[in-house]
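Throughout, a chain's letter reflects where its sequence line sits, starting with A, and its residues are numbered from 1. Just so you know, these numbers use all the heavy atoms, side chains as well, and skip hydrogens, waters and symmetry mates.
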Amino acid sequence: QKEVEQDPGPLSVPEGAIVSLNCTYSNSAFQYFMWYRQYSRKGPELLMYTYSSGNKEDGRFTAQVDKSSKYISLFIRDSQPSDSATYLCARDNTDKLIFGTGTRLQVFP
Amino acid sequence: DGGITQSPKYLFRKEGQNVTLSCEQNLNHDAMYWYRQDPGQGLRLIYYSQIVNDFQKGDIAEGYSVSREKKESFPLTVTSAQKNPTAFYLCASSPGHSGANVLTFGAGSRLTVL
C-alpha cells in the first residue's frame, strides 16, 4: 500500500463549479498535510498546508483533514480556467514530504 | 528575488554518459531535495540533505549521486548505472527547522536519453 494515495483523474469541470480533490494516507503518526499545485512543465508551488485535523481556508481554497478516516481534501470554489493544473497532496514525514501521484484538473469555460 | 535555480532546463544524453543537474538556492534554507517525476507516478525522492556535507538516500537513489559542499548548492549526477533516466527532475529546499516542512521547488530539468 502506498503511503499517500490519490486519484490521478483527469477531472474535468465547468467554470464556476465546486471541485473536490481527495487523498488517503496510511500512517497517522505525522501531523502536517500539504497541497501543491503544478502547472504543465513547471515546478510545484505550495497552495496551503494544515496541521492535524480540521479545516483551513484561503480565498477560494479550503483544505480539510480527517484523521479518523485518514482522509485529506482540497475544495476549490468558483473554479476558474486558470485553476487547470495538477494538484499534489503530501504528508510531512518530518524530514521529507511523501507525495501522492497528483490529480489532473481541467476547468473549461 | 529569492528562489531556486535549476539548470539546464532541457538536457539530452546519450546512453552510457553521466550528466550533472545543477540546483542553487538563495533562500538560506538548510535542507535540499531532489525528486524525480514520471507520468502517473507523482514525485519520488532521490536524495536529500539536511545540512552541508551530509545527505541521505531517498526511495530511488540507485544510479544517482549528489554532493552538498555548500549550503546553497546541491548538484545531482545521473550516472550510466541509472537504467531509465528519462524524466523530469525537481530540486527543492526547505528551512529545515521544526514545524511544517514546507518545500520550495525549482522550475525543473527535463532529461532525455537518446
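Here the CG atom belonging to B:L103 is positioned 9.0 Å from the CG atom belonging to A:L46, to the nearest 0.5 angstrom. Expressed to the nearest 0.5 Å, how far CG of A:L97 lies from CG of B:L45 amounts to 9.0 Å.
Under the 4.5 Å side-chain heavy-atom criterion for grouping Ile, Leu, Val, Met, Phe, Trp and Tyr, B:V102 is connected to A:Y32 within one hydrophobic cluster. The same ILVMFWY cluster, assembled from side-chain heavy atoms under 4.5 Å apart, contains both B:F55 and B:M32. B:F88 is connected to A:L88 through a chain of hydrophobic side-chain contacts under 4.5 Å among Ile, Leu, Val, Met, Phe, Trp and Tyr, so both are in one cluster. Criterion: ILVMFWY side-chain heavy atoms under 4.5 Å apart, direct or through other members. Under it, B:V19 and B:Y64 are part of a common hydrophobic cluster. A:M34 and B:F105 end up in the same hydrophobic cluster when Ile, Leu, Val, Met, Phe, Trp and Tyr side chains are linked at under 4.5 Å.
Using modelled atom types, one side-chain atom of A:D92 and one backbone atom of B:N101 make a donor-acceptor pair closer than 3.5 Å.
Using a 4.5 Å cut-off between heavy atoms, B:R44 does not touch chain A at all. At a 4.5 Å heavy-atom cutoff, the contact between B:L90 and chain A is made by side-chain atoms alone. Proximity to chain A (any heavy atom under 4.5 Å) is restricted, for B:Q50, to the side chain, taken from C-beta onward. For B:Q37, the part lying under 4.5 angstrom from a heavy atom of chain A is the side chain only.
The nearest pair of heavy atoms linking B:Y33 to A:K96 is CE2-CA, 4.1 Å.
Taking 4.5 Å as the heavy-atom cut-off, the residues of residues 36-45 of chain A that approach chain B are A:Y36, A:Q38, A:R41, A:K42, A:G43, A:P44, ordered by number.
Atom OH of B:Y47 has more than 12 neighbouring heavy atoms from other residues, nucleotides or ligands inside a 6.0 Å radius. Open room surrounds CZ on A:R104; 12 or fewer heavy atoms of other groups in view lie less than 6.0 Å from it. In this structure, A:Q80 places its CD atom where more than 12 heavy-atom neighbours from other residues, nucleotides or ligands lie under 6.0 Å away.
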